[in-house]
Amino acid sequence: MSNIHTLVIYGLGAPVAPVQKSLEERGLSIHLSSSWEEAERAYSFLLDQVKYIFVDVAMCQGPGWEKFVYRSRIGGSSATLVTFHAEFPQNLQYLLGCQIEADSPRPEESFSQQIIAEGTKFREVLDLATRYAKHDVTILITGETGTGKEVVARYICDESPRKTGPFVPCNVSAIPDTLVESELFGHVKGAFTGADKNKMGLIESAEGGTLFFDEIGDLSPNIQLKLLRFLESREYYRIGDSSAKTADVRIVAATNRNLEQAISNDSFRKDLYYRLNSARIILPPLYERREDVLPLVEHFIRRACGPNPKPAKKLSSSVKALFLDYPWPGNVRELKNVIESALMVSDEEYVTVADLPMHLQQYATGHRVEIGAKAIRTIEQAEREVVEEAIRKSDNNKMKAAELLGISPRTLYRKLAKFAAAAEQSYSHSELSKMAV
């Protein structure tokens, strides 16, 4: 067997045999787990030996998944996490980029490169985040689930003087209540039953860098008080230690909860809220960022394809129109999951509505008229972009542009007149709207 250990986590009843065979053909040592309890035991036993963790996408939800991801992060694991669809093993090779290169890590984009901000809404967010990043203040990021709070927190870290320091994420809701204090502040040997050695907390591990608290609104009142004391004095105590420790850490917190309402319900401390709220960033939901939807899709497709030499898949005009019409209640996270799912299902060059998850297919059925109209506009926009590109390549020579497009000069001029009329009509509608206001 290979010395490269691989943990495969799959749901009960999932056809995992083809996946296991595909991995074994690469000479990997496979360890199968059909529950998060089994996965926890196997991971704890193999910890430093596990090189890859493959997780069935059906398992990537709920507290078990979040707890496993959290523990693998704080445990200092260097294992690569890959999700797969058990019913489509033929796509596993596609997801892996054809071959696992254990000793050749893929170059990673900086978080600044990963953020898509074509529209003004998110550009304003990034401008504010950039300004806050230069000052060593505590920042509170609020917004709906899936809007990209951790990505913005990492962006702040990358844009700050602390960019060379560690970025330590902490999902408060993924840590059991009984372990939160120990995870944050650490403990000394003998502090409680099972504390057989000193443990460094997340605050200490973030020394010189940024500690990101996700779902800060889920902290218990007791931990809220201790966090407030740390923010005020930069001092904290490990559990069981009588000596105070200090830490040079920047705190970025995030929540999708209404903290003002939580304060009125006495579930969140007002003084902690004011301490966190000294600099605030509010992330817009995806339905307010329509200009970013299709660029985000292209970004997720490129990332999913990785180094695969095959041409990247494209969206049909109907899918583009659907994506622009759909309200995206799960925001950017939902869009990313939809793209990854569609790429695994689609066998053609273009992703069609039939490749999308069932709830999106049902939405398309119930909104045929709106989506149809947007699909026509999408096709017209694509045609206009092709014509404009040909004219640019021809240095504004219409005869050469027509030749590049494979059409007659007369047809080209007719198209340009149509584009001009459409632009004038759009401008007129805009002016009428302003006058009505």
Can you give me the closest heavy-atom contact between [X] and [Y], atom names plus distance?
X    : Y    : value
R269 : P221 : CD-O, 4.4 Å
A191 : G240 : CB-CA, 4.0 Å
S267 : Q224 : O-NE2, 3.2 Å
K149 : A254 : CD-CB, 3.8 Å
P284 : T147 : O-CG2, 3.8 Å
Y155 : T130 : OH-OG1, 2.7 Å

Hey, does [Y] have a side-chain heavy atom less than 4.5 Å from the side chain of [X]?
X    : Y    : result
N171 : E150 : no
S316 : E348 : no
N277 : L259 : no
I339 : K313 : no
L184 : F213 : yes
V332 : V151 : no
I175 : C170 : yes

Passes side-chain contact (heavy atoms from CB on, under 4.5 Å), I203 versus F185? Steps please. CA-CA 6 Å; I203 288 177; F185 303 107; 3.5 Å; yes

Would you say [X]'s side chain and [Y]'s backbone share a donor-acceptor pair under 3.5 angstrom?
X    : Y    : result
R238 : G201 : no
W328 : F323 : yes
S182 : L179 : no
R250 : T138 : no
N331 : R333 : no
N337 : E334 : no
D158 : K163 : no
E349 : K314 : no
R290 : L324 : yes

In Å and rounded to the nearest 0.5 Å, what is the [atom1] to [atom2] distance from [X] to [Y]?
X    : Y    : atom1 : atom2 : value
I282 : L128 : CD1   : CG    : 9.5 Å
T142 : L283 : OG1   : CG    : 7.0 Å
I9   : S35  : CD1   : OG    : 9.5 Å
D355 : D347 : CG    : CG    : 8.0 Å
L315 : L294 : CG    : CG    : 7.0 Å
L32  : T6   : CG    : OG1   : 10.5 Å

Inspect the surroundings of [atom1] in [X] and state if more than 12 heavy atoms from other residues, nucleotides or ligands are less than 6.0 Å away.
X    : atom1 : answer
Q361 : CD    : yes
K134 : NZ    : yes
F192 : CZ    : yes
D177 : CG    : no

For a side-chain contact (heavy atoms from CB on, under 4.5 Å) check, start with the C-alpha distance between V345 and V351, then their side-chain angles and the critical distance, and finish with the verdict. CA-CA 9 Å; V345 173; V351 174; over 6 Å; no

Among all residues two or more places apart in sequence or in another chain, which pass the side-chain contact (heavy atoms from CB on, under 4.5 Å) test with A133?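 I156, E159, S160.
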
Paired with V297, the side-chain contact (heavy atoms from CB on, under 4.5 Å) test is passed by just one of V319, I116, V338, L335, namely L335

Using the side-chain contact (heavy atoms from CB on, under 4.5 Å) rule, pick out the option among T255, D218, L219 that qualifies with S173.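 Checked T255, D218, L219 against S173; only one passes side-chain contact (heavy atoms from CB on, under 4.5 Å): D218.
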
Test V172 against I223 for side-chain contact (heavy atoms from CB on, under 4.5 Å), laying out the working first. CA-CA 11 Å; V172 174; I223 303 301; over 6 Å; no

Side-chain donor-acceptor distances from residues 230-237 under 3.5 Å, at least two apart:
residue	atom	partner	partner atom	Å
S233	OG	R229	O	2.8
S233	OG	E235	N	3.2
R234	NH1	V249	O	2.7

Sole candidate of E204, E183, E181 that passes salt bridge (Lys or Arg N to Asp or Glu O under 4.0 Å) when paired with K199: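 The option that passes is E183.
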
Let me check something: any side-chain donor-acceptor pairs from residues 118-127 under 3.5 Å, sequence neighbours excluded? List them with distances.
residue	atom	partner	partner atom	Å
K121	NZ	E288	OE1	3.2
R123	NH1	E118	O	2.4

Without hydrogens or angle criteria, can the side chains of E144 and Y287 be said to hold a donor-acceptor pair below 3.5 Å?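 E144 vs Y287: no donor-acceptor pair found between side chains.
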
Quick one: sort the F167 and F212 rings into parallel, tilted or perpendicular, breaks at 30° and 60°. parallel

Any salt bridge linking D292 with R289? Criterion: basic side-chain nitrogen under 4.0 Å from a carboxylate oxygen.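 Salt bridge present between D292 and R289.
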
